[in-house]
S.K.: 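Below you'll find the structure I mean.
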Amino acid sequence: QKSLEKMNPTSAQPGKSTLKSYTEKLSSLSKFESRYSSLRSKLNSLHINIEQSNSSRLSSLTSKLSSLDSSLDSFHSSNQAKASALKQRLENIVKYIEADKAA
């Protein structure tokens, strides 16, 4: 039996070997959980940063579109007033020419 113990020392003390194996597995599991937690935290912070960046860009684009819309409205109003004034001048010229022909 002593020759068997020399060939396979773990068979003489099965409890210590199993305990050591479980301890190593728990240690590696703990490292894995720590790494997982760290990666999860980084991923969450990236997600939050992306959301904030997108929100900021959306807000910026919304204000630019609003500004552009008001500029376009004022440009349209200005051109409409100029077109109305031109139409009125053309009508006056036509009336003047017609009056000149009639005279």
S.K.: Give, for atom CZ of R35 and atom OG of S28, the distance between the pair rounded to the nearest 0.5 Å.
M.R.: 15.0 Å

S.K.: Looking at D73, is its backbone amide N or carbonyl O close enough to the side chain of S77 to form a donor-acceptor pair, meaning the two atoms are under 3.5 Å apart?
M.R.: yes

S.K.: If you round to the nearest 0.5 Å, how far is CG of L43 from OG of S38?
M.R.: 11.0 Å

S.K.: For the NZ atom of K64 and the OG atom of S59, what is their distance to the nearest 0.5 Å?
M.R.: 11.0 Å

S.K.: List for me each residue that meets side-chain hydrogen bond (donor to acceptor under 3.5 Å, both in side chains) alongside H76, sequence neighbours excluded, and say none if there are none.
M.R.: none

S.K.: Report the distance from atom CD of E91 to atom CD of Q88, rounding to the nearest 0.5 Å.
M.R.: 5.0 Å

S.K.: Report yes or no: does S56 contribute a side-chain atom to a donor-acceptor pair with the main-chain N or O of Q52 at less than 3.5 Å?
M.R.: no

S.K.: Once rounded to the nearest 0.5 Å, what's the spacing between atom CG of L68 and atom OG of S71?
M.R.: 6.5 Å

S.K.: State, yes or no, whether a side-chain contact exists between H47 and E51 at a heavy-atom distance under 4.5 Å.
M.R.: yes

S.K.: Nearest 0.5 Å please: distance from the CG atom of L65 over to the CG atom of L58.
M.R.: 9.5 Å

